[in-house]
Structures are given as structure tokens and as C-alpha cells.
Amino acid sequence: KAGVTQTPRYLIKTRGQQVTLSCSPISGHRSVSWYQQTPGQGLQFLFEYFSETQRNKGNFPGRFSGRQFSNSRSEMNVSTLELGDSALYLCASFAGSTDTQYFGPGTRLTVL
Amino acid sequence: EDQVTQSPEALRLQEGESSSLNCSYTVSGLRGLFWYRQDPGKGPEFLFTLYSAGEEKEKERLKATLTKKESFLHITAPKPEDSATYLCVATSGTYKYIFGTGTRLKVLA
């Protein structure tokens, strides 16, 4: 069974631009969560989608948004990028029955 | 407030020197306790899920245990390839995932 995939793996953007990251969950998984990981803050929860609906949301500004499609694939968007948005963005999916999340390899975003 | 605390923050071991990592949790309605391994620049890799006090899981040199207040990840005779950050995560009754800050393990040859 294929794991969680994320594209692109690396991105370099400049301040003020916007970016869209994509995540494909494990086949059959209906829930996708997004996390931001930085050396200083560790893993921070952005939001979770289940069956195309946002189920939980973390404490991030409205510049961070996401959506989930009917095939469970998810995208997150960050508008008006700031230097502090440089981070590893992780996507995780889980089936629900075991609560176990499986993470993708991440997208490394660098904002210059 | 739900909280997960891991200790120590960093640990250096000689190859073959067994030790334990600690994860203390305060979570209302604990649904599950998870351990992950993360290598630099990569996504966390799932290791174990524990659901109830007294439960134990093993995989190669790793063994995870759970009590009502904490979980331990025991590493027996570690090798340099076990060097990584180990993350402890708890889920609450509201499907929230509470992450610890991790223990950075370095095993020296």
C-alpha cells in the first residue's frame, strides 16, 4: 500500500507570494491533518479535514487555509508569505478506526 | 489543559548502552498514545500505538509501555542507526493530537 505523498518536496518563495501544497493520503483514509514543524516550535497543528469538512483547526492566522477533495486529497494554501513561514509542512492521514496517523515526507518551504 | 512532556530533551548513548525515554501525559479521555521516530528533514515514522495501561509493544530493539500517567520507550542495545528524534503523541476524546517536543537520541559507535 502506498504511503502518504506530498508535493512538491521543496519550495523556495519570496515574501508576499502565496503557495499551495498538496497531500495524497493512504488509499482508504478519509482524514488528513496538516502540521508545521520548525526547530523552535516543534510540530504545530494547522487543521484537520474529514470527508471534505474541516473538523479541527489550530491557532494559525487566516493566511493559512486548506481544503479536501472528494477523493480525500488535500491542499493547503499560505497567502502573503512571511519569513517565519519557513518550515517543514507535514501531512498525515488516518483511517479513523485506530487513530494512528501516518505522515508523509513533508514539504520544505523556504521563504526569502 | 492537555499536555505531553518528554524527557530527556537529548540523550547520548554508547552503542549497546540500553536506556529509556519518558513521556508524561495529562490528557482528558485518552484514546491512544503513539510513538514516532523522526529523522532530520523527514516525516515522522510510526512505531507504536498503546491504548490502555499495562499494554506493551515491541519492535526490534524498541519496547513501548504505558501506565495511567506516562509511557516509556525502552531501547535495548542501541545501534548508531537508532539515532533520531523520538516523538510521543496522545489523542484526547475530541480527536485532538497532543505532541511532545521529542527526545533527540544520539548513539555513538
Side-chain angles (χ1 to χ4, degrees), chain A residues 1-7 9-11 21 23-26 29-51 53-59 86-110, chain B residues 1-10 21 23-25 27-52 55 57 59 62 64 66 71 73 84-105:
Chain A
K1 213 175 199 181
V4 178
T5 57
Q6 292 186 245
T7 56
R9 293 294 313 279
Y10 303 92
L11 265 178
L21 312 182
C23 170
S24 292
I26 292 171
H29 287 193
R30 296 166 63 189
S31 174
V32 171
S33 294
W34 288 90
Y35 296 88
Q36 181 194 68
Q37 188 174 36
T38 58
Q41 299 294 323
L43 264 158
Q44 294 198 289
F45 173 69
L46 281 156
F47 27 66
E48 181 207 354
Y49 286 88
F50 179 79
S51 293
T53 301
Q54 189 179 86
R55 185 159 66 174
N56 277 311
K57 188 177 188 302
N59 296 323
S86 294
L88 181 67
Y89 288 88
L90 293 162
C91 165
S93 76
F94 78 104
S97 57
T98 66
D99 289 349
T100 301
Q101 290 189 102
Y102 297 89
F103 285 85
T107 294
R108 169 70 64 185
L109 172 64
T110 302
Chain B
E1 183 185 344
D2 294 335
Q3 195 169 2
V4 171
T5 304
Q6 291 188 247
S7 62
E9 287 187 15
L21 313 183
C23 170
S24 298
Y25 64 90
V27 174
S28 55
L30 180 77
R31 293 175 57 89
L33 191 294
F34 309 91
W35 283 97
Y36 290 85
R37 169 200 169 118
Q38 186 175 25
D39 294 301
K42 297 186 177 180
E45 175 190 345
F46 169 71
L47 293 173
F48 304 109
T49 306
L50 302 166
Y51 292 106
S52 55
E55 191 173 358
K57 295 271 179 76
K59 180 182 179 180
L62 301 176
L66 181 66
S71 178
L73 184 65
T85 295
Y86 290 85
L87 295 169
C88 173
V89 188
T91 53
S92 70
T94 56
Y95 284 97
K96 286 190 177 179
Y97 289 81
I98 304 103
F99 282 78
T101 52
T103 293
R104 295 188 311 278
L105 174 66

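Being a predicted model, the structure only gives us computed values, none of them experimental. In what follows, chains are A, B, ... by sequence order, proteins preceding strands, each numbered from 1.
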* Asked: Is the centre of the A/Phe45 ring less than 6.0 Å from the centre of the B/Tyr97 ring?
  -> no
* Mind checking whether A/Tyr35 and B/Phe99 have ring centres under 6.0 Å apart? -> yes
* **chain A contact via B/Thr101 - side chain, backbone, both or neither, heavy atoms under 4.5 Å** => neither
* Contact class of B/Gln38 relative to chain A, heavy atoms under 4.5 angstrom -> side chain
* Does the side chain of A/Arg30 come under 3.5 Å of the side chain of A/Ser51 through a donor N or O and an acceptor N or O? -> yes
* Structure fact -> Whatever's closer than 4.5 Å to a heavy atom in chain B on A/Gln101 counts as both
* Structure fact -> When B/Asp2, B/Val89, B/Thr5, B/Leu66 are each screened for side chain to side chain contact (heavy atoms under 4.5 Å, CB included) with B/Tyr25, the one that passes is B/Leu66
